[in-house]
Structure formats: C-alpha cells, structure tokens
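This is a predicted model, so every value here is computed, not measured.
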Amino acid sequence: MKYWMILLVLINSTCMAQQEIYSYPVSLEEYNDYKNSTFLFDPVSNESLLILYTKGKAEILKLDKNLKSVLNFSPKYTASSVWNSALHISIISEFNRDSCNQIWSVREKGEKEFTYVAQYIDIKNQTVVSKPLFSLDKDEKFIYAFFYKNQIYFLTAFDKAKEFILRIFNKSGGSTRKSISPDLSGINKGKREFSEYFITPKLFNRELEYEMISSASLAKIYPSDDRLLVLVTDDQTPQHIVTIDLSTFKFDIKDLPMETFCDGAAKKKDINNAACIFQNKLFAIQRCNEKIELGIYDATTLTLLKKHTLDKNSMNKLSEAPFRTYAKSSLIRKKYTPDYDELYKWLGRIDLSVGITTNKKGEFIINTGAFVDRKGSYVSGASLKTYEIDEEYAMFFRFTLDSATLDLKPGKGEISAEEQMWETLTDIRKWNDPWTGGKLTDFIYLNGIIYHAS
C-alpha cells in the first residue's frame with residue numbers, strides 16, 4: 001500500500017516556483033507579539049482570513065483577493081476560549097465571508113482526556129463563542145470532522161466492536177449519536193482496522209473545481225442534505241462508493257462499475273486509479289494493462305456516460321504532451337517529456353490523483369498525475385552517515401473534454417502544463433501556517449499570484 005506517498009505530498013509539499021514578480025500588499029510587523037496563527041481562504045469570495053493569537057489576546061485580519069486588509073479587529077472572547085486553554089490542537093477551520101467555524105481538540109492542565117470544542121467567530125459582530133462538544137470514549141478513535149450547513153459531523157470508530165460512530169451537532173446545542181456496523185470483511189484489504197478504512201479523509205464540494213494536488217485524498221467526502229457520499233480508494237480494486245443515509249443511517253458500499261475497463265480485469269495487481277465528482281459527474285482515471293483509461297459516470301446512477309483510452313499510439317488525444325520534473329534543494333530544476341513506456345511506469349510508482357477544472361469555454365479540464373516531495377534526512381551505511389533530502393518529483397498530463405458531449409478536445413490547452421504544474425504545487429502554500437516566530441514567512445499563493453509579505 002502506497003499511502004505514505006500521499007501523506008508526504010499533503011504534509012511536506014512546498015513552493016518551488018520561480019516567480020519574478022512579487023507584491024507586498026500587507027505589512028504585519030506590528031503583530032510580532034502573537035505566537036500562533038490560522039490562515040484561511042474562501043474560494044467563493046476569494047477573500048482570506050488571518051487569525052493571530054496568543055494567550056489572552058487575538059487579532060483577526062480579513063483580506064481581499066489582493067491580500068489587502070479590509071477589516072482588522074481584536075475579538076471579544078471569554079476565558080473559556082480554546083485560545084486560553086493549556087493545550088489546543090486545531091482540527092478543522094472554515095471561513096465564509098462573515099463567519100469562521102472551527103473545531104479544536106482541547107486539554108486543560110491536569111486533565112487526561114481531550115475535549116472536542118466548537119469555536120464560532122462572528123466577523124461582522126466581532127465576537128468569539130466556544131462550545132464544548134464531547135470527549136472520545138475508551139478505545140474510540142477519531143477519523144474526521146467537518147462542517148456542513150451549520151452542523152458539525154464527527155466520524156469515529158471502535159476497532160474491536162467493528163463499528164463506526166457518527167455524531168452530528170447543531171449550533172443551538174442539539175446532537176445525534178448513531179452507531180453503524182457495516183460488513184467490511186470482503187473490502188478491507190490487508191485486514192486493516194475499521195479506523196483505517198477511510199485513509200486521509202477530506203471534505204469536497206461537488207460544485208467546486210479542484211486542482212489535482214488538492215484532490216490528493218484516498219477518502220473524498222461529499223455531503224448533501226440527506227446523505228454522505230464517500231469515494232474510497234484502495235489498492236488493486238475499483239473505487240468504493242460509500243453512502244451513509246442521514247435519515248436511516250444505513251451504510252451502503254458498492255464498487256464503481258468498471259467491467260469494461262482493463263479488458264474486463266479491473267481487479268489485478270497493477271491496477272491504480274483515482275476519482276472525483278464535479279457537477280454531478282464522477283470522473284475516474286485508471287491505469288492498467290499498459291493503458292490509461294478515463295471514465296465519466298453519472299454521479300447519481302453510476303451509469304457510464306463516456307470512456308476514453310490512451311496508449312502509446314494515441315498520445316495525440318491529450319491536450320498537451322505529458323512531462324516529468326525533478327528539483328533538488330530548490331537549486332536544480334529539470335524538465336523533460338518522457339516516452340509513453342516511461343510515463344506508464346511512472347504512473348505505477350505512486351497513487352494517482354485527479355482534479356477537475358474548467359476553462360473559459362466551459363470545457364472540462366481533467367488534470368491527473370503524481371507528486372512526490374521528500375524533505376528531511378535519513379541514515380545509511382555501516383558508518384551511519386546522515387544524508388539530507390530535499391527532492392521533488394512530479395509527473396503531469398491533461399485531458400480536455402467538451403462539457404456537453406464529453407468528447408476529447410486535443411490540442412494546446414489554455415494554460416501550459418508547466419504553468420499548471422507549478423501553480424498546483426504552489427497552491428499548497430495558502431493552506432500552510434505562514435506565521436513563524438512573529439514573522440510571515442516564505443510565500444502565500446492566492447488567485448494565481450505569489451505574494452510575499454514584509
């Protein structure tokens with residue numbers, strides 16, 4: 001199982017784009033007293049929120065799409081706020097125009113157990129309210145939490161009892177706790193525990209566009225008013241479609257129908273696939289039998305709408321020629337276009353990722369490929385010599401589809417593959433905490449532009 005590769009991508013990816021133009025729209029020198037921060041981005045309004053805090057005080061800056069401050073205030077909050085606790089660990093935060101919702105794991109001095117706490121920041125009224133929710137039971141393991149339409153969803157698991165627990169909290173204080181015990185005996189490969197079934201879970205909106213690096217998750221959660229749908233990726237098998245009905249709490253699992261893929265052998269050792277949902281269509285990319293296959297399904301009925309196949313004789317079906325990059329210690333950057341055999345082998349080395357965007361014509365742009373970013377050190381040899389690692393590898397290719405017919409549209413894309421690649425890698429920076437030692441460090445990427453704040 002290659003899960004560690006995806007984890008490295010999510011945790012260690014860094015900005016290596018060589019940009020010549022920088023903007024300096026924000027000066028934050030006056031906030032050097034703050035030790036911690038949260039930086040959030042709203043993809044709908046293109047606004048950002050920078051929350052700076054230390055025990056006893058906080059400062060919140062709302063920034064426009066050019067990173068210029070449009071609102072700046074010190075919020076009023078009580079002594080029970082998570083920012084005043086002895087230990088507080090951020091679980092998730094979401095920012096939407098005039099509000100910011102957060103979930104924290106909090107432990108006070110002398111306590112053994114962590115408590116999950118919801119913190120609501122009202123930007124318009126400049127207030128902060130904290131509400132304790134619950135603590136895990138003995139042997140209960142946390143999997144994921146997210147906000148959806150003013151409710152908080154927690155998914156946890158008891159491995160010995162082989163059950164999932166779904167908790168739902170609303171802002172007024174009401175809550176629901178349901179136990180779900182599905183049969184995963186034929187699905188959970190490698191005899192993984194229940195708590196390990198949803199690997200690297202992440203929340204997605206089926207109406208928003210995502211670049212492939214943002215889509216690098218092996219458990220994509222798509223909520224709606226009546227159900228939770230999860231795309232689960234597992235080695236050597238098609239995508240699992242998990243549905244949790246929110247009225248009956250029935251847990252349903254089915255394989256994405258791929259009988260026509262891989263020459264009818266969609267469960268072989270060399271299978272490697274990824275999928276995502278956009279505008280009620282499920283896009284699945286599959287590597288098998290020396291071919292790369294793209295399937296487009298109706299996301300509700302799972303009916304196959306269109307299928308495209310790429311092999312060594314049909315590279316002209318791509319929007320652009322695929323390429324691979326290599327960089328080391330931010331000093332060397334090498335790009336070359338591999339032949340198909342090399343491309344195919346590279347796709348087998350790491351879990352695939354796939355993301356969907358649209359161009360100015362409204363056509364679907366399917367971006368797929370693989371990333372590895374290795375940073376750190378390792379010890380090797382009898383002399384236990386330490387070697388430092390700072391290397392980045394990436395492979396990228398792209399399909400363009402007519403949004404009505406779903407037919408391939410070969411030819412030059414509107415954005416070059418190289419620009420797309422480095423913008424995608426840089427995109428991670430906006431989700432990282434840029435506040436270190438009282439200074440805004442490195443770069444922030446927003447709306448296609450690199451910013452550095454002095």
*Asks:* Can you find a pair of side-chain heavy atoms, one from Phe142 and one from Ile91, that are under 4.5 Å apart?
*Replies:*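 In contact.
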*Asks:* Could you please spell out the steps behind the side-chain contact (heavy atoms from CB on, under 4.5 Å) verdict for Ile143 and Phe194?
*Replies:* CA-CA 10 Å; Ile143 297 177; Phe194 260 48; over 6 Å; no
*Asks:* Quick one: does Ile253's side chain get under 4.5 Å of Val232's, heavy atoms only?
*Replies:*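 Answer no - side chains too far apart.
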*Asks:* To the closest 0.5 Å, what do you measure between OH (Tyr222) and CD1 (Ile277)?
*Replies:*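 Tyr222 atom OH to Ile277 atom CD1 measures 5.0 Å (nearest 0.5 Å).
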*Asks:* If you take all heavy atoms of Lys291 and Thr309, which pair is closest and at what distance?
*Replies:*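 Result for this residue pair: CD-CG2, 3.7 Å.
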*Asks:* Between Cys276 and Gly355, which heavy-atom pair has the shortest distance, and what is it?
*Replies:*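 Nearest heavy atoms, Cys276 then Gly355: SG-CA, 4.3 Å.
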*Asks:* List the steps, then state whether side-chain contact (heavy atoms from CB on, under 4.5 Å) holds for Asp225 with Tyr148.
*Replies:* CA-CA 9 Å; Asp225 292 344; Tyr148 179 72; 3.3 Å; yes
*Asks:* Quick check: do Ile92 and Leu203 have side-chain heavy atoms less than 4.5 Å from each other?
*Replies:*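 A side-chain contact under 4.5 Å is absent here.
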*Asks:* Students often mix this up, so state it plainly: with edges at 30° and 60°, are the rings of Trp104 and His88 parallel, tilted or perpendicular?
*Replies:*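 Trp104 and His88: perpendicular rings.
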*Asks:* Pair Lys62, Asp98 - check salt bridge (Lys or Arg N to Asp or Glu O under 4.0 Å), show working.
*Replies:* CA-CA 9 Å; Lys62 186 177 181 181; Asp98 291 327; 3.3 Å; yes
*Asks:* Would a distance-only check, ignoring hydrogens and angles, find a side-chain to backbone donor-acceptor pair under 3.5 Å from Lys281 to Ile296?
*Replies:*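 Side chain of Lys281 to backbone of Ile296: no pair is present.
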*Asks:* Heavy atoms only: give me the nearest Asp311-Glu290 pair and the separation to one decimal.
*Replies:*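 Looking at all heavy atoms of both residues, the closest pair is CB-O, 4.2 Å.
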*Asks:* Can you tell me if Tyr297 uses its side chain to pair, donor with acceptor, with the backbone of Ala284 under 3.5 Å?
*Replies:*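 Side chain of Tyr297 to backbone of Ala284, a donor-acceptor pair under 3.5 Å: no, none is there.
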*Asks:* Determine whether Asp137 and Arg177 satisfy the following criterion, salt bridge (Lys or Arg N to Asp or Glu O under 4.0 Å), listing intermediate values before the conclusion.
*Replies:* CA-CA 13 Å; Asp137 293 335; Arg177 182 188 187 278; 3.6 Å; yes
*Asks:* Any chance you could lay out the side-chain contact (heavy atoms from CB on, under 4.5 Å) test for Tyr116 and Arg167, step after step, and finish with the verdict?
*Replies:* CA-CA 12 Å; Tyr116 290 100; Arg167 291 180 175 87; over 6 Å; no
*Asks:* Report yes or no: does His308 contribute a side-chain atom to a donor-acceptor pair with the main-chain N or O of Leu406 at less than 3.5 Å?
*Replies:*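 Judged by distance alone, yes, a pair lies under 3.5 Å.
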*Asks:* How long is the gap from CD1 on Ile221 to CG on Asn205, to the nearest 0.5 Å?
*Replies:*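 The CD1 atom of Ile221 sits 13.5 Å away from the CG atom of Asn205.
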*Asks:* Could you check if a side-chain atom of Ile51 sits within less than 4.5 angstrom of a side-chain atom of Gln102, using non-hydrogen atoms only?
*Replies:*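 The answer is yes, as the side chains (C-beta and beyond) meet within the 4.5 Å cut-off.
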*Asks:* Evaluate the criterion side-chain contact (heavy atoms from CB on, under 4.5 Å) for residue pair Asp159 and Asp139; output intermediate values, then yes/no.
*Replies:* CA-CA 8 Å; Asp159 289 331; Asp139 298 326; over 6 Å; no
*Asks:* Which heavy-atom pair separates Ser353 from Thr368 by the least distance, and what is that distance?
*Replies:*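 Residues Ser353 and Thr368, closest heavy atoms: O-OG1, 2.8 Å.
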*Asks:* If you count heavy atoms of other groups shown closer than 6.0 angstrom to CD of Glu207, is the number above 12?
*Replies:*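 Check passes, neighbour count above 12.
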*Asks:* Is the closest side-chain heavy-atom distance between Ile152 and Asn101 below 4.5 Å?
*Replies:*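 Heavy-atom side-chain distance check fails, nothing below 4.5 Å.
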*Asks:* Do the ring planes of Phe134 and Phe154 sit parallel (below 30°), tilted (30 to 60°) or perpendicular (above 60°)?
*Replies:*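 The rings of Phe134 and Phe154 stand perpendicular, inter-plane angle above 60°.
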*Asks:* NZ of Lys307 to CD of Glu293: how many Å apart, nearest 0.5 Å?
*Replies:*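 Separation between the atoms: 4.0 Å.
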*Asks:* Taking the side chain from Thr200 and the backbone from Leu218, do they hold a donor-acceptor pair closer than 3.5 Å?
*Replies:*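 Answer holds: yes.
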*Asks:* Quick one: does Leu155's side chain get under 4.5 Å of Ile165's, heavy atoms only?
*Replies:*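 Leu155 vs Ile165: side chains apart.
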*Asks:* Just verifying a value: how many Å separate Phe278 CZ and Phe364 CZ, rounded to the nearest 0.5 Å?
*Replies:*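 Answer for the CZ-CZ pair, Phe278 versus Phe364, is 6.0 Å.
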*Asks:* Answer yes or no: is there a side-chain heavy-atom contact under 4.5 Å between Ile244 and Phe164?
*Replies:*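 No, every pair of side-chain atoms sits at 4.5 Å or beyond.
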*Asks:* Just checking, is any N or O donor in the side chain of Glu363 or Thr400 under 3.5 Å from an acceptor N or O on the other one?
*Replies:*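 No, no side-chain donor-acceptor pair sits under 3.5 Å.
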*Asks:* Side chains of Ser99 and Asn96: any donor to acceptor distance under 3.5 Å?
*Replies:*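 Asn96 vs Ser99: no donor-acceptor pair found between side chains.
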*Asks:* Would you tell me whether Asp226 and Ser247 have side-chain atoms, one donor and one acceptor, within less than 3.5 Å of each other?
*Replies:*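 No pair is found: no donor N or O on one side chain lies under 3.5 Å from an acceptor on the other.
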*Asks:* Once rounded to the nearest 0.5 Å, what's the spacing between atom CZ of Phe399 and atom CG of Leu408?
*Replies:*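 So the gap between those two atoms works out to 6.5 Å.
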*Asks:* State, without any angle test, whether Glu140 and Thr156 hold a side-chain donor-acceptor pair at a distance under 3.5 Å.
*Replies:*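 Yes, a side-chain donor-acceptor pair sits under 3.5 Å.
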*Asks:* Grab the two heavy atoms, one from Leu49 and one from Cys100, that are nearest each other, plus how far apart they are.
*Replies:*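 That closest heavy-atom pairing would be CD2-CB, 3.8 Å.
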*Asks:* Relative to the ring of Tyr153, is the ring of Phe146 parallel (under 30°), tilted (30 to 60°) or perpendicular (over 60°)?
*Replies:*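 Parallel: the ring planes of Phe146 and Tyr153 meet at under 30°.
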*Asks:* If you round to the nearest 0.5 Å, how far is OG of Ser48 from CG of Asp42?
*Replies:*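 So the CG of Asp42 and the OG of Ser48 are separated by 8.5 Å.
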*Asks:* Taking all non-hydrogen atoms of both residues, which atom of Asp402 and which atom of Lys409 are closest, and how far apart?
*Replies:*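 That would be N-CG, 3.7 Å.
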*Asks:* Please determine whether the number of non-hydrogen atoms from other residues, nucleotides or ligands lying under 6.0 Å from atom NZ of Lys162 exceeds 12.
*Replies:*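 Open: at most 12 neighbouring heavy atoms sit under 6.0 Å from NZ of Lys162.
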*Asks:* Does the separation of the ring centres of Phe198 and Tyr144 fall below 6.0 angstrom?
*Replies:*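 Between Phe198 and Tyr144, the centre distance exceeds or equals 6.0 Å.
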*Asks:* For Thr300 and Asn280, run side chain to side chain donor-acceptor pair (under 3.5 Å): C-alpha distance rounded to whole Å, both residues' side-chain angles, the deciding distance at 0.1 Å, then the answer.
*Replies:* CA-CA 7 Å; Thr300 302; Asn280 203 39; 3.2 Å; yes
*Asks:* If we only count heavy atoms from C-beta on, is the Arg206 to Leu229 side-chain gap below 4.5 Å?
*Replies:*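 Result yes, sub-4.5 Å side-chain heavy-atom pair found.
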